[in-house]
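Here is the naming used below: chain letters follow the sequence lines, and residue numbers restart at 1 for every chain.
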Number of protein chains: 2
Amino acid sequence: MSPRASVSAAAETRSGIVEAAVNQASIEGLESVTIGRLAGQLNMSKAGVIGPFGTKEQIQLAALEEAIAMFTADVWTPVENLEPGMPRLEATCESWLTHLMGDTFPGGCFLTQSATEFDGRPGPVRDRVAEYSALWERVLARDVKIAVENGDLPKGTDPAQVAFEIGSIAQGVNQARQLRRQKDARKRGQMAMRRILCVF
Amino acid sequence: MSPRASVSAAAETRSGIVEAAVNQASIEGLESVTIGRLAGQLNMSKAGVIGPFGTKEQIQLAALEEAIAMFTADVWTPVENLEPGMPRLEATCESWLTHLMGDTFPGGCFLTQSATEFDGRPGPVRDRVAEYSALWERVLARDVKIAVENGDLPKGTDPAQVAFEIGSIAQGVNQARQLRRQKDARKRGQMAMRRILCVF
DNA sequence: CCTACCGATCGGTAGG
DNA sequence: CCTACCGATCGGTAGG
């Protein structure tokens with residue numbers, strides 16, 4: 001094999017491990033990902049699984065980054081070129097609800113899961129989850145601010161407050177769907193988000 | 001020792017184990033509770049820890065029941081004799097926020113933690129979490145219904161929708177406090193709940 | 001409630 | 001990427 005082929009083969013191996021880790025973590029949590037089970041699932045040795053990463057924590061971090069990329073692709077990418085402000089904000093809520101009701105992650109919202117799992121476990125995984133949570137809230141707040149400036153939301157509206165409320169509703173939708181298996185989870189979320197955005 | 005004394009001693013042993021399990025689970029999750037760590041923490045043998053319960057799952061269920069009792073004592077008991085409808089509903093929101101900002105559970109809301117941890121793990125723990133989540137939402141919805149009947153909330157308001165929104169905000173407050181360490185978590189939640197309850 | 005023990009699995013390493 | 005292995009820990013049991 002040429003060096004080029006072996007580099008790309010290594011990248012494929014790595015991404016296969018990450019994909020399997022994302023799926024395991026989505027259902028049982030990032031802490032429940034084990035090297036042995038990944039190896040069994042991928043028909044590899046444990047040494048082959050841990051090799052490209054070094055430690056289990058690095059596998060967790062790689063899975064988290066992949067999950068963030070998948071969330072971004074589902075929720076943000078489809079709307080990023082829409083008109084900033086209320087139009088893009090409403091579209092973001094819709095794509096977020098679609099993401100939450102879809103099957104990107106078999107076990108439900110990866111970030112919500114990781115947030116509760118790691119909020120009491122100091123370390124780089126926790127830090128990264130908190131960072132992305134803050135980043136995503138800023139993305140929402142930015143469009144809220146523009147919507148206020150355009151007069152689409154009442155003067156004096158606090159963008160961070162609205163972003164907080166929308167994010168909370170997303171967590172509620174996730175719980176309604178994943179824990180309670182409520183068929184009206186999307187509608188509940190949609191009504192709540194519309195009320196927050198004064199769309200009636 | 002008389003039989004009576006030994007019965008009460010057994011009950012004390014059991015409740016000590018449950019208390020330690022609640023604390024471990026609050027920080028790291030119910031799945032991360034291990035018999036060996038409980039034994040070490042309580043200066044007991046593993047056999048002594050598992051004995052009163054039989055299996056780890058029974059310890060998890062006992063810890064969950066205790067956590068539910070603690071939640072109820074914090075949030076519901078102080079308000080249950082208030083006037084049904086809007087007065088009790090507002091007081092419930094306040095006691096809930098106080099609970100979320102307090103130190104009853106060192107790792108944050110036990111129910112939210114257990115919900116994300118077990119929503120993808122079939123079994124009695126998951127079932128009990130879902131049951132209590134549904135029960136608590138009905139408790140909220142009951143006062144919403146009365147508030148609507150009394151004219152304290154707009155005609156046509158869907159009690160289940162309002163209960164869903166309040167519960168979602170509670171999840172948001174928990175994440176803001178536990179993951180993001182936001183100092184304004186309580187105020188964010190309070191503003192959101194007041195808006196949901198049309199209190200302005 | 002204890003000691004002593006079971007097989008299984010954990011994260012990870014040595015050496016190739 | 002593999003085999004073979006390390007010490008630690010897992011849930012749980014036998015026997016007292």
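Between A/Phe105 and A/Phe110, the ring planes lie tilted relative to each other; the angle falls in the 30° to 60° range.
On a pure distance criterion of 3.5 Å, a polar donor-acceptor pair joins the side chain of A/Lys46 and the base of C/dG11.
Using a 4.5 Å heavy-atom threshold, the side chains of B/Ile59 and B/Leu38 count as touching. Using a 4.5 Å cut-off on side-chain heavy atoms (C-beta onward), A/Trp96 and A/Ile169 make no contact. A heavy-atom distance below 4.5 Å is not found between the side chains of B/Gln171 and A/Asn174.
Across all strands shown, B/Ile35 has heavy atoms under 4.0 Å from sugar-phosphate atoms exclusively, and none from any base. Residue A/Val33 is in sugar-phosphate contact alone, with no base atom involved, counting any heavy-atom pair closer than 4.0 Å across all strands shown. Across all strands, B/Thr34 comes closer than 4.0 Å only to sugar-phosphate atoms, never to a base (heavy-atom distances).
With D/dC2, C/dG12, D/dG12 as the choices, the nucleotide that has an atom nearest any side-chain atom of A/Ala47 turns out to be D/dC2. The side chain of A/Ile50 sits closest to C/dT13 out of C/dT13, D/dG12, D/dC2. The side chain of A/Ser45 lies closest to D/dC2 when the candidates are C/dT3, D/dC2, C/dT13.
A 3.5 Å limit on both hydrogen-bonding distances identifies D/dG11 as the Watson-Crick or G-U partner of C/dC6.
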